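Reading through the structure tokens given below for one structure.
The shown structure was predicted, so the numbers you read here are calculated from the model rather than taken from an experiment. One-based numbering along the sequence shown.
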Amino acid sequence: MKVLVTGARGLLGSELVRTLPAQHSVIPLTRAEADLTQEQAGIAAIVRHQPDYVIHAAAWTDVNACEERPVQAFAVNAEATRHVACACQQFGIPLLYVSTDYVFDGRKGAPYTEQDAAHPVNVYGASKLAGENYVQELLPEYCIVRTAWLFGPARTNFVDRLLASDAGPLEVIADQVGSPTYTVDLAEKIAELVARRATGLFHVTNQGGCSRYQVAEWLAERLGWRDRPLVAIAGTSLAGRARRPHYSALANEHLVAEGFAPLRTWQEALAAYLLKRAGTVQEGSTSPR
């Protein structure tokens with residue numbers, strides 16, 4: 001099966017391009033090749049490549065920048081998604097759309113299921129939810145995958161930033177809880193969803209919820225950071241930041257109900273990522289640090 005992947009150079013898209021060829025012929029699509037904010041770009045890409053399936057992983061994920069430039073955020077995260085969905089509708093191609101935990105407001109205080117009502121508190125979440133709505137309205141066969149707090153080898157991420165911090169006090173946000181998710185695990189599960197032609201809305205994250213401060217604590221214990229005291233701070237103490245949900249961990253109920261194995265815990269995934277980073281350094285590649 002020919003699978004077209006948008007956002008092929010992004011944190012998740014890069015991992016999908018590495019993972020999917022084990023089962024499919026992969027067509028990586030970058031913004032340089034097709035600006036999907038232009039209405040005809042999605043149709044032109046599909047006519048050119050003739051895929052059997054589309055994974056729309058392209059997005060503008062800079063939450064603060066989205067807040068500052070809402071028109072651009074909706075153009076990239078909502079209207080571009082509509083253009084892709086319209087193209088898939090026209091040619092009868094199933095679509096998997098990658099969305100986010102930030103469609104929720106965080107007031108539930110417990111992991112969100114696929115049945116919980118979305119209510120975003122920032123422009124990024126609202127633009128991604130608008131993308132979800134377009135997909136559901138336009139396509140009879142679709143799959144929406146909500147995920148969260150991605151880390152992985154393709155690009156610098158919040159885990160890399162913690163690891164790259166200099167010796168001395170390290171301030172880390174402690175009042176926001178989510179589900180850290182390893183892109184390697186997520187890409188493998190998306191490959192399973194594609195292979196089964198799964199439809200509907202799925203939450204797909206590594207298991208468990210924690211704050212970024214708890215991630216830093218885990219790293220400190222694992223790596224022996226004796227010269228790096230951790231300082232818990234509130235997200236609201238940082239100037240210029242968009243609102244974040246205080247609790248946006250996701251429960252993967254639909255995934256399990258459909259017979260898919262859940263992803264491993266975030267701690268197991270983070271341990272695997274540390275091993276991969278260590279192996280990259282030993283092989284002489286540039287470290288994300």
May I ask you to decide if Gly235's main-chain N or O and Asp175's side chain share a donor-acceptor pair within less than 3.5 Å?
yes
How about NE2 on His119, more than 12 heavy atoms from neighbouring residues, nucleotides or ligands closer than 6.0 Å, or not?
no
Linked, directly or transitively: Val145 and Leu11 (ILVMFWY side chains, under 4.5 Å):
yes
Okay, side chain of Asn77, backbone of Lys128: is any donor-acceptor separation there less than 3.5 Å?
no
Suppose we screen for side chain to side chain donor-acceptor pair (under 3.5 Å). Which residues come up paired with Tyr213, at least two apart in sequence or across chains?
none
Are the side chains of Cys86 and Ile43 in touch, meaning some heavy atoms are under 4.5 Å apart?
no
To the nearest 0.5 Å, what is the distance between CG (Asp105) and CZ (Arg244)?
15.5 Å
Inter-residue atom distance Leu193.CG - Leu255.CG, 0.5 Å rounding:
6.0 Å
Sequence neighbours excluded, every pair satisfying ring-ring contact (aromatic ring centres under 6.0 Å, His included) that has a member inside residues 176-203:
Phe104-His203, Phe151-Tyr182, Tyr182-Tyr273, Phe202-His254
Can you get from Val123 to Leu129 by hopping between Ile, Leu, Val, Met, Phe, Trp and Tyr side chains that sit under 4.5 Å apart?
no
Short question: side chain of Lys189, backbone of Pro262 - any donor-acceptor pair under 3.5 Å?
no
Side-chain heavy atoms of Phe158 within contact of Trp149, under 4.5 Å
yes
Could you tell me whether a side-chain N or O of Asn206 sits under 3.5 Å from a main-chain N or O of Leu263, the two making a donor and an acceptor?
no
Please determine whether the number of non-hydrogen atoms from other residues, nucleotides or ligands lying under 6.0 Å from atom CD of Gln115 exceeds 12.
yes
Given side chains that start at C-beta, do those of Glu79 and Tyr134 come closer than 4.5 Å, heavy atoms only?
yes
Is the shortest side-chain heavy-atom distance between Val215 and Val172 below 4.5 Å?
no
Taking all heavy atoms of Gly209 and all of Val177, pick out the closest pair and write down the distance.
C-CG1, 4.0 Å
Decide yes or no for Leu219 and Leu270: does some side-chain heavy atom of the first lie under 4.5 Å from some side-chain heavy atom of the second?
yes
With a cut-off of 6.0 Å (strictly less than), are more than 12 heavy atoms of other residues, nucleotides or ligands near CZ of Arg264?
yes
Looking at every non-hydrogen atom in both residues, tell me the closest pair between Pro153 and Thr183 and how far apart they are.
CD-OG1, 3.7 Å
Check whether any side-chain heavy atom of Pro180 sits under 4.5 Å from a side-chain heavy atom of Cys210, and report yes or no.
yes
Would you say Val184 ends up clustered with Leu163 if hydrophobic residues are merged whenever their side chains have heavy atoms under 4.5 Å apart, either directly or through other cluster members?
yes
Check whether any side-chain N or O of Gln89 sits under 3.5 Å from a backbone N or O of Leu138 as a donor-acceptor pair, and report yes or no.
yes
What's the shortest heavy-atom distance between Ala65 and Trp60, and which atoms?
CB-CZ2, 3.3 Å
Between Arg161 and Arg212, is any pair of side-chain heavy atoms under 4.5 Å apart?
no
Heavy atoms only: give me the nearest Asn157-Gly152 pair and the separation to one decimal.
ND2-O, 2.9 Å
Lys2 side-chain N/O to Ile27 backbone N/O, donor-acceptor pair under 3.5 Å
no
So, are Arg82 and Glu137 salt-bridged, with charged N and O less than 4.0 Å apart?
no
Show the nearest heavy-atom pair for residues Thr81 and Gly131, with the distance to one decimal.
CG2-O, 3.6 Å
Mind listing the closest non-hydrogen atom pair of Ala174 and Ala232 along with its distance?
CB-CB, 3.7 Å
Ion pair present between Glu132 and Arg146, side-chain N to carboxylate O less than 4.0 angstrom?
yes
Taking Gln207's backbone N and O only, do any of them form a donor-acceptor pair with Asn252's side chain (distance below 3.5 Å, no angle check)?
no
Going only through I, L, V, M, F, W and Y residues with side-chain contacts under 4.5 Å, is there a path from Leu201 to Leu186?
no
Close side-chain approach of Gln23 to Val3, heavy-atom, < 4.5 Å
no
Any sub-3.5 Å donor-acceptor pair from Thr181's side-chain atoms to Ala148's backbone N or O?
yes
Interatomic spacing from CG in Asp35 to NE2 in His83 - rounded to 0.5 Å
10.0 Å
Path from Ile93 to Leu95 over hydrophobic side-chain contacts below 4.5 Å:
yes
Pairs involving residues 4-16, ordered by first then second residue, that meet side-chain hydrogen bond (donor to acceptor under 3.5 Å, both in side chains) (sequence neighbours left out)
Thr6-His56, Glu15-Arg18
Please confirm whether the backbone N or O of Ser248 pairs with a side-chain atom of Lys108, one donor and one acceptor, at under 3.5 Å?
no
Main chain of Gly106, side chain of Tyr112: is a donor-acceptor contact present, judged purely on distance under 3.5 Å?
yes
